[in-house]
K.L.:
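Sharing a structure below in structure tokens format, with a few things to ask.
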Number of protein chains: 2
Amino acid sequence: MAASPRDGIPLAVSTVIFALRSDAESGLGALWIPLVRRITEPFGGRWALPGGWVRAEEGLADAASRNLLETTALEPTYLEQLYAFGNVDRSPSGRVVSIVYWALVRADQAERATEGENVRWFPADDLPELAFDHNVIIDYALWRLRTKLEYSRIAQAFLGETFTLTDLREVHEAVLRRPLDPANFRRQVASTLVPTGAVVSGGRHRPPKLYRYNQTIEVVDNGPISREKTGSNRAIS
Amino acid sequence: MAASPRDGIPLAVSTVIFALRSDAESGLGALWIPLVRRITEPFGGRWALPGGWVRAEEGLADAASRNLLETTALEPTYLEQLYAFGNVDRSPSGRVVSIVYWALVRADQAERATEGENVRWFPADDLPELAFDHNVIIDYALWRLRTKLEYSRIAQAFLGETFTLTDLREVHEAVLRRPLDPANFRRQVASTLVPTGAVVSGGRHRPPKLYRYNQTIEVVDNGPISREKTGSNRAIS
DNA sequence: ACAAAAGTGTTGGTGCTACACCCATGA
DNA sequence: TCATGGGTGTAGCACCAACACTTTTGT
């Protein structure tokens, strides 16, 4: 085997962060993504995924978390590795390998995010032309989120500890961008929920029960130890 | 953002290679993996996944292919990224980030592989204690292969251009380690196959038709462009 | 004729979709 | 009592596992 390359390839992490924001007029929720404006070349002035270099003494997920906090002040409730992008020509200024993560934050967290000239939220399905291959990366992260929502409990990461079935259903509807039958949705997720006993009163209708997941999902990426379906290639019909 | 770390972290690729070998006595097929013996510290003498450093001018999948060819002389018919392993303590001799791929080779290819003192095939489900975190990595790759087999056409990568339904079923049975009902298996995969017209005669029974996939799978990893389900976290029940 | 594997038909169960219907509350 | 959403029941359909059965070859 060749000698160890101590002149190694620059290694970066980036993160696709998703938050739900409810549209003021329609009332419907939708996915939004925070992006940062590049101040240096290449792609100076363009919007890009938050990210940065991996330090020698920190793990990959740690590096993602740290960069998130530094650039956007966000602390996600869910973080998972997406893919390692390493095409030789992805950056015009020289070879960079990026390990990309995707993250979910709650709405209250998202509001606390620093927004300004160099950090701004964009609708996930209507993005400008971004730096590097970041449009492709976000498309992939979106596909993964939408796919994974249907067989895992990640919707929890958008909500608080307890929630009503309507809350949960609205998260699914916002992510999947289609209405879901409340009756069938209830049955689909029923086995993963336990009622807390509390209800929400105040609405001019029957008070909905508050539920809790019967098993909490991992907050932060712990690698492929706990396995779920996710992936990198479209299923065939 | 901090200055670019031109003293970057060493970046390696490794590959989990699967081949089917039919056991001489039982006649049943099983998954085998080629491993290489480490000649340097750390873990000198231990068996490990084939791999090496990523060169500055080659893509990640290219690096995986090259290392495969150099260390085992194998040319896989399928190659896909598995996961980027980057724990700070995965190597006792210093930080290394490994992008791991998994690959499938046909039986005829596998026979051509160099086997000797420093390259040897092992049954995938009965491995010795390997170097680094390679046992964990292989467990994950095995899970991914078994999961993906059920909703994609990767079984094709173990076979030639044409094959009988029994050939295909035996691949599935070997990977999943359980017998499958021939009648139901036929119906499950029927929509993905087209008969070639040819049959196999010579057996002392009705000659089976030779089939071909109606759509070829990609031979080599092309990133997350073509999407299928795969993944990194276990599905909930 | 018989053995063996290819290939087809059928039946019962399970889960999902669509939609009718009842329940509990505020106004 | 009415409007509103919470919550339950149910019929139809698709899919799947199990297994009986027919087909086609070699010996």
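Quick note on labels: first sequence line is chain A, next is B, and so on, each numbered from 1. Values reported hereafter were calculated over all heavy atoms of this structure, with side chains retained and with hydrogens, waters and symmetry mates removed.
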K.L.:
Please, which pairs that meet salt bridge (charged side-chain N to carboxylate O under 4.0 Å, His left out) have at least one residue in residues 175-184 of chain B, sequence neighbours excluded?
P.N.:
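Applying salt bridge (charged side-chain N to carboxylate O under 4.0 Å, His left out) to every pair that reaches into residues 175-184 of chain B, excluding sequence neighbours, yields B/D125-B/R177, B/E150-B/R178.
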
K.L.:
How about A/Y78 and A/E80: does a side-chain donor come under 3.5 Å of a side-chain acceptor?
P.N.:
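Yes.
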
K.L.:
Specify the closest pair of heavy atoms between B/S98 and B/R90, including all atoms of both residues, with the distance to one decimal.
P.N.:
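Closest approach of B/S98 to B/R90: OG-NH1, 3.2 Å.
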
K.L.:
Please tabulate, for side-chain N and O atoms in residues 162-176 of chain B, each donor-acceptor pair with protein atoms closer than 3.5 Å (sequence neighbours left out).
P.N.:
unit_1 : atom_1 : unit_2 : atom_2 : d
B/T164 : OG1    : B/T166 : N      : 3.4
B/T164 : OG1    : B/D167 : N      : 3.0
B/T164 : OG1    : B/D167 : OD1    : 3.4
B/T164 : OG1    : B/D167 : OD2    : 3.2
B/D167 : OD2    : B/T164 : N      : 3.1
B/R169 : NH1    : B/E173 : OE2    : 3.2
B/E173 : OE2    : B/L180 : N      : 2.8

K.L.:
Has B/N67 got a side-chain atom pairing as donor or acceptor with B/T15's backbone, closer than 3.5 angstrom?
P.N.:
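No, because the side chain of B/N67 does not come within donor-acceptor range (under 3.5 Å) of the backbone of B/T15.
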
K.L.:
Determine yes or no for a side-chain-to-main-chain donor-acceptor pair under 3.5 angstrom, with A/T192 supplying the side chain and A/V189 the backbone.
P.N.:
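Yes; at least one donor-acceptor contact below 3.5 Å.
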
K.L.:
Establish, with yes or no, whether the OP1 or OP2 oxygen of C/dT17 is under 4.0 angstrom from a side-chain nitrogen or oxygen of A/Q188.
P.N.:
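Affirmative; the distance criterion is met.
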
K.L.:
For a quick check, with a 4.0 angstrom heavy-atom cut-off, what is the B/S/- contact string for nucleotides 18-27 of chain C, read 5' to 3'?
P.N.:
BB---BBBS-

K.L.:
As a test of your reading of the structure, name each stem of DNA chain D as range with range, where a stem is three or more consecutive Watson-Crick or G-U pairs at under 3.5 Å.
P.N.:
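Stem list for DNA chain D: C:1-27 with D:1-27.
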
K.L.:
Check for a donor-acceptor pair, side chain of B/S22 on one end and backbone N or O of B/G29 on the other, with a separation under 3.5 Å.
P.N.:
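Answer holds: no.
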
K.L.:
Would you kindly give the CG-to-P distance between B/L193 and C/dG7, to the nearest whole Å?
P.N.:
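Distance, rounded to whole Å: 11 Å.
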
K.L.:
Donor-acceptor pair, B/T77 side chain versus B/L104 backbone, under 3.5 Å?
P.N.:
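Judged by distance alone, yes, a pair lies under 3.5 Å.
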
K.L.:
Assert yes or no for the condition that the ring centre distance of B/W47 to B/F122 is strictly below 6.0 Å.
P.N.:
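For B/W47 and B/F122, the ring centres are under 6.0 Å apart.
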
K.L.:
If the condition is side chain to side chain contact (heavy atoms under 4.5 Å, CB included), which residues does A/R187 pass it with, not counting sequence neighbours?
P.N.:
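In terms of side chain to side chain contact (heavy atoms under 4.5 Å, CB included), with neighbours along the sequence ignored, A/R187 is linked to A/A183, A/N184.
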
K.L.:
Hey, can you tell me if A/W143 and A/Y140 have their rings parallel, tilted or perpendicular (30° and 60° cut-offs)?
P.N.:
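Geometry flag for A/Y140 against A/W143: parallel rings.
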
K.L.:
Rounded to whole Å, please give me the gap between CG in B/L168 and P in C/dA5.
P.N.:
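The distance from CG of B/L168 to P of C/dA5 comes to 18 Å, rounded to the nearest Å.
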
K.L.:
Which whole-number value in Å describes the distance from A/F185 CZ to C/dG15 P?
P.N.:
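That distance rounds to 18 Å.
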
K.L.:
Anything under 4.0 Å to a heavy atom of chain A counts; send over the first and last such nucleotide of DNA chain D, read 5' to 3'.
P.N.:
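Counting from the 5' end, contacts occupy D/dA3 to D/dT10.
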
K.L.:
Would you say B/T166 reaches C/dA6's phosphate, i.e. side-chain N/O to OP1/OP2 under 4.0 Å?
P.N.:
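Yes, B/T166 has a side-chain N/O under 4.0 Å of OP1/OP2 on C/dA6.
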
